[in-house]
Amino acid sequence: MANKRKKVRLVLKTKVKIFFKEKIVSDPDIYLMGLSASLIANEAKPGQFIHIKCSKDNYPLLRRPLSIHRIDKEKGEIYILFQVVGEGTKLLAQKEVGDNLDVLGPIGNGFNIYPESKKIMIVGGGIGVAPLLALCEGSIRQEKEVRVLIGALKKELVIEEENFRNLGAKVDVATDDGSYQYKGLVTDLLERVIKEGWLADQIFACGPKPMLKKINEIALKANIDYQVSLEERMGCGIGACLGCVCKIKTKGKKEEKVKYEYKRVCVDGPIFEGSEVVWDD
Amino acid sequence: MANKRKKVRLVLKTKVKIFFKEKIVSDPDIYLMGLSASLIANEAKPGQFIHIKCSKDNYPLLRRPLSIHRIDKEKGEIYILFQVVGEGTKLLAQKEVGDNLDVLGPIGNGFNIYPESKKIMIVGGGIGVAPLLALCEGSIRQEKEVRVLIGALKKELVIEEENFRNLGAKVDVATDDGSYQYKGLVTDLLERVIKEGWLADQIFACGPKPMLKKINEIALKANIDYQVSLEERMGCGIGACLGCVCKIKTKGKKEEKVKYEYKRVCVDGPIFEGSEVVWDD
Amino acid sequence: MIDKPNLEVEIAGIKLKNPVMTASGTFGYGEEFSPFIDLDKLGAMVLKGITLNPKMGNPPPRVIETPSGMLNAIGLQNVGVEALIKEKLSQLQKYHTPVIINISGDTIDEYIKIAKRLDEVSESKKIAGLEINISCPNVKKGGMLWGTNARSTYKVVNQIRKITKLPLIVKLSPNVTDIKEIAHSAEEAGADAISLINTLAGMAIDINSARPKLANIHGGLSGPAVKPVALWMVWQVYQTVKIPIIGIGGIMKAEDAIEFIIAGARAVQVGTANLVNPEAPIEVIEGIKEYLAEKQIDDINKLTGSLII
Amino acid sequence: MIDKPNLEVEIAGIKLKNPVMTASGTFGYGEEFSPFIDLDKLGAMVLKGITLNPKMGNPPPRVIETPSGMLNAIGLQNVGVEALIKEKLSQLQKYHTPVIINISGDTIDEYIKIAKRLDEVSESKKIAGLEINISCPNVKKGGMLWGTNARSTYKVVNQIRKITKLPLIVKLSPNVTDIKEIAHSAEEAGADAISLINTLAGMAIDINSARPKLANIHGGLSGPAVKPVALWMVWQVYQTVKIPIIGIGGIMKAEDAIEFIIAGARAVQVGTANLVNPEAPIEVIEGIKEYLAEKQIDDINKLTGSLII
Ligand SMILES: Cc1cc2nc3c(=O)[nH]c(=O)nc-3n(C[C@H](O)[C@H](O)[C@H](O)COP(=O)(O)OP(=O)(O)OC[C@H]3O[C@@H](n4cnc5c(N)ncnc54)[C@H](O)[C@@H]3O)c2cc1C
Ligand SMILES: Cc1cc2nc3c(=O)[nH]c(=O)nc-3n(C[C@H](O)[C@H](O)[C@H](O)COP(=O)(O)OP(=O)(O)OC[C@H]3O[C@@H](n4cnc5c(N)ncnc54)[C@H](O)[C@@H]3O)c2cc1C
Ligand SMILES: Cc1cc2nc3c(=O)[nH]c(=O)nc-3n(C[C@H](O)[C@H](O)[C@H](O)COP(=O)(O)O)c2cc1C
Ligand SMILES: Cc1cc2nc3c(=O)[nH]c(=O)nc-3n(C[C@H](O)[C@H](O)[C@H](O)COP(=O)(O)O)c2cc1C
Ligand code: FES
Ligand code: FES
């Protein structure tokens, strides 16, 4: 409870100015956007997100959640990396440098990097890399040895590879069509890396659900601690509407019939232990 | 019927480009906008309007009717003059030169200048001058002697005075606060002009309902033919939804109980004989 | 590779070249739209609601805008059944699209008189069918009464059924507790098809004058705002009746129409969209074609009720 | 010159410093909003709907967006009345804003047990009143049943009335044929106030998967899209009952709230707006103040039902 209340108290509603905008991939369109948001940058930790009002009016009505892609506490800046999939992200992509955004944030629990961990494995699929760059930077600042595996459909859709590398991580890429580096799924690549004997103390992942689920099996088998960033349709983004839930196992409550409960992705997550997530759907 | 069908057949749905935009008055904000619309310009006559989709989405949903302010058939251009009063006109005011507008038009019957008329009196109140400049130009092209009376709250809100004058009309202005020329209502000014002996063959007016109603009494007394441009909330703008009606006397149908019927402002109007309008509301 | 999927559907014995009709009251008497679209491309035309005698309708303002929707209180202004037959229907003879007449009455007797009269001229004037409006929320004595009660729905539909062989489409009001019950009694009474929804009763107030924005105080809500309500009712009715359903409510694009068809509609009607974009019905037809081709569905009829739950 | 108009209103014997409450289910258990607004500025807080035992709620997706609105199918996930009392209410003791508990039940017995329990602790936990949800459209057995029938409405309200002195607000469902009838029986049964509307039943379909967008298939429509429907029902109920009315439905700004008050509402609830803008209720309060000052109305109570027709 206390823990949760603390999280809630850190959330801010602010207007932040767009100081940078670049289209880094076309069709699907993916944008990188820089926001002057000193208050948020100051509070933010890897794995958290901001909740953005993309329109001035009712169309779309609800905010849209986007992960914090990079955090620059010194400059008081954060970055978001987003793919245009519908009305909200389309409107967001139409905003220009100098425009203000109405955002809530930073929201969520964030990734938990254990002090004792030495080797960190980060796996991102598609736009799922969004929250992972900040995580990579954080891990390296804590002097972890970091490897990053990026999965994409094809070469053109591999994003942020260089940025991870520049942070000092070893980066490998898997493309479904083999148009770049390893041909196949990023999960196959992960298994290979493990087979080769590089055993991480923690695996962190974000991407399509099937990928996250598969990694859970791999992590379980290799018995590596695994944290995932989950997504769900959101309403409030602040824990009030119970709209964004996911199935989480209820540990130790043997007496109960149901073996899971619904937890809120927005404030109980978006980061969960892979082992506590009910993957069956 | 035939007459109406003809009108309908002339209406077009087209995309027109904004080639000119100027804010000519502030608070209330009034804009002058030029549209490259050769097809519409070609068909248009004074008193008609265009029906504009101000938003790309459902917000606002319906089109907004705006009078054709000026018609340049040679250049294939039309102008609109509009006041920002709500969401639709606000969005329209945000459009820039080069943007396209989705419009229906030209719509409506338009003013009817009789060949035999020698002297034309044009009275505009506030933004009501919008459809009257084209009318003034048309009258002068037909070598009528034209006088224009403009009514406004104060000096700053007197619009288009010079443009009427440049067309060759004699222009007088009435301001409620007397900050410019005649102090009082434009209807008082009209009565004075008539008293002074300048008797028009036709009076044309557009503006607030009370003004239009008062002019009707004046015209009746002086027994001058009088045409008004009416406004009503609109749906389709093409005569289909019956949303835009006004009360029009049913002449010669003595037997009926009701002495009026509902006519569509969009296609039966927006121009009506002052004498046929039921003013009591 | 399917590039020419079948769009033909049959509703109440009426063969439509495609499932897209125009909704009553939003398409005038048809002719109004001939400058914008080829009326022969439509699945069917449903004309403005008609009454026995001409109706003046309500005082203005009659239409106002609401978030993603509009309220209307036209009050069924129309030329009356005789003028409809003489003038309006004559104009439409040159077209090959089925014409459906939407009828309203204050009394059963009035419904019957209109239906009888239209039945008489159905051959000569090429009337494809009748849509019985038991749901227009704007006319105090009429519509509302019938459509919001299962027994009265049965009564009026059954009486009309007795006096005409014309295909009967019964148009339901959404302002009811249990749409299934009403739909069921319409079917029992002999309806050949059901169309829904009509408008939701609503109101808006001008806070500066403290007056209703509509002269009639309340009106009927339509447009995208009502689509979720309409879809849910169509799906419920699809579980209930065997006769075909015509889905109506907030259809602006093909995607909306497809939602209704998946929910159980055999055909759809485009309403408010006509007021915004007179080409909407044609765009919906084209969009449905593209969807079927893309999904490689060879027959639109296979889409009806294909919701996976 | 009136610059400090009176905003105080009394609902069901509860004194509110202003007429703006938060709507159940959109404001969590209150604390969630303390980072954004001063809870002491609110007229009242209505907490997330509570049931006797904890409820898991529906599978996701639970919320999806519709034109100018949203559909939700939370399924009344809540901690149960005991945890509410122990944890949630304790957190709220430090605030001075009346707390109203929204209760739901699958059986009358359940309603009664919750009401009894809350009645017991009403002093110690500073419970200002109960809002009886007889209208939540997401729980199959619960809400819908009671709120869509006048007799069952009377029954449940009357039974609860008998076992508690707490102010009773009965929250009505809009998914009914005649809202006046339901409101009337609630009043007859001893309700101290009526709140409306709850959500309209609705549905949305993903045409690519041909599946419902909500795991629960259908959900409750809320937001600006429903405002016209809500306003019309408030105005109708205002003609029918003597007890105060709380207007709910699509209130995003002060202007919306003022429409409801003019239509007959003594107070209002801000719902979906909280999900979009956590500061919405405060902005609504400020906006109402400005309106009263501008219109030189010295008391908000004079605005209630001031519609000019
Ligand atoms: C915690 C969190 C962090 C996220 N971070 C990022 C990010 O960094 N970059 C990024 O590109 N996207 C991110 N997403 C997904 C992003 O929120 C959605 O793509 C966006 O809300 C879609 O809005 P829209 O209006 O453009 O599309 P809509 O029209 O709302 O929907 C279009 C499609 O997107 C899907 N979608 C909509 N909302 C969500 C949602 N909340 N979660 C998952 N899928 C959704 C819908 O199922 C639909 O198929 C994140 C989601 C969550 C929950
Ligand atoms: C035939 C015709 C010609 C017109 N020509 C012009 C013109 O040349 N220049 C100009 O500035 N305005 C003109 N108007 C009025 C103009 O259409 C409205 O001001 C505009 O539609 C308001 O839209 P909105 O979304 O900005 O305001 P809304 O938010 O829709 O409404 C704001 C205010 O404007 C009023 N209003 C809205 N629609 C209309 C309407 N159709 N008629 C009258 N009042 C309305 C409302 O009552 C409300 O008080 C004309 C109206 C008609 C019917
Ligand atoms: C201006 C207007 C007039 C209407 N007139 C009628 C009518 O005469 N008879 C009828 O059955 N329905 C009438 N309707 C209801 C529509 O046919 C349709 O059922 C409703 O608008 C919902 O569909 P939509 O959201 O696509 O508009 C009218 C709707 C509008 C907007
Ligand atoms: C996410 C969500 C959850 C809700 N939960 C409840 C509830 O538990 N009990 C209840 O009586 N109403 C509930 N409602 C209905 C709202 O209280 C309100 O009546 C409705 O949303 C209409 O108001 P609005 O348009 O301002 O949201 C809920 C609404 C939403 C959007
Ligand atoms: S989005 Fe409202 S609780 Fe998570
Ligand atoms: S606006 Fe539809 S008939 Fe005039």
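Nothing here was measured: the structure is a model prediction, and the numbers come from that model. To find a chain, count down the sequence lines: A is the first, B the second, and so on, and within it residues start at 1.
With a 4.5 Å cut-off on side-chain heavy atoms, C:Asn277 and B:Lys53 do not count as touching.
With values rounded to the nearest 0.5 angstrom, C:Lys213 atom NZ is found 6.5 Å from B:Arg233 atom CZ. Residue C:Leu275 holds its CG atom at 8.5 Å from NE2 of B:His51, rounded to the nearest 0.5 Å. One distance of note links CE of C:Met70 with SG of B:Cys241; it measures 6.0 Å at 0.5 Å rounding. From B:Leu104, atom CG reaches atom CD of C:Glu279 across 8.5 Å, with rounding to the nearest 0.5 Å. From B:Ile238, atom CD1 reaches atom CG of C:Asn274 across 8.0 Å, with rounding to the nearest 0.5 Å.
Shortest non-hydrogen contact noted between C:Arg62 and B:Gly243 is CB-O, 3.5 Å. The two atoms that bring C:Phe27 and B:Ala240 nearest to each other are C-CB, 4.2 Å, heavy atoms only. Looking at every heavy atom in both residues, B:Val11 comes nearest to C:Phe36 through CG1-CZ, 3.4 Å.
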**Asked** When you look at B:Tyr262 and C:Asn58, which way does the side-chain contact (heavy atoms from CB on, under 4.5 Å) test go after all the steps?
**Response** CA-CA 9 Å; B:Tyr262 289 116; C:Asn58 294 326; over 6 Å; no

**Request:** May I have the step-by-step check of side-chain contact (heavy atoms from CB on, under 4.5 Å) for C:Met252 and B:Leu61, ending in yes or no?
**Result:** CA-CA 11 Å; C:Met252 308 300 282; B:Leu61 180 65; 3.6 Å; yes

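Other residues, nucleotides and ligands place no more than 12 heavy atoms under 6.0 Å from the NZ atom of C:Lys41.
With a 4.5 Å cut-off on non-hydrogen atoms, C:Pro54 does not touch chain B at all. Residue C:Thr66: no heavy atom, backbone or side chain, is found under 4.5 Å from chain B.
Each of C:Thr272, C:Val63, C:Thr26 has some count of heavy-atom pairs under 4.5 Å with chain B, and the biggest count is that of C:Val63. Per-residue counts of heavy-atom pairs under 4.5 Å with chain B were compared for C:Pro67, C:Gly223, C:Gly57, C:Pro59; the largest is that of C:Pro59.
Judged by distance alone, with hydrogens and angles left aside, the side-chain atoms of C:Gln77 form no donor-acceptor pair with the main-chain N or O of B:Leu242 at under 3.5 Å.
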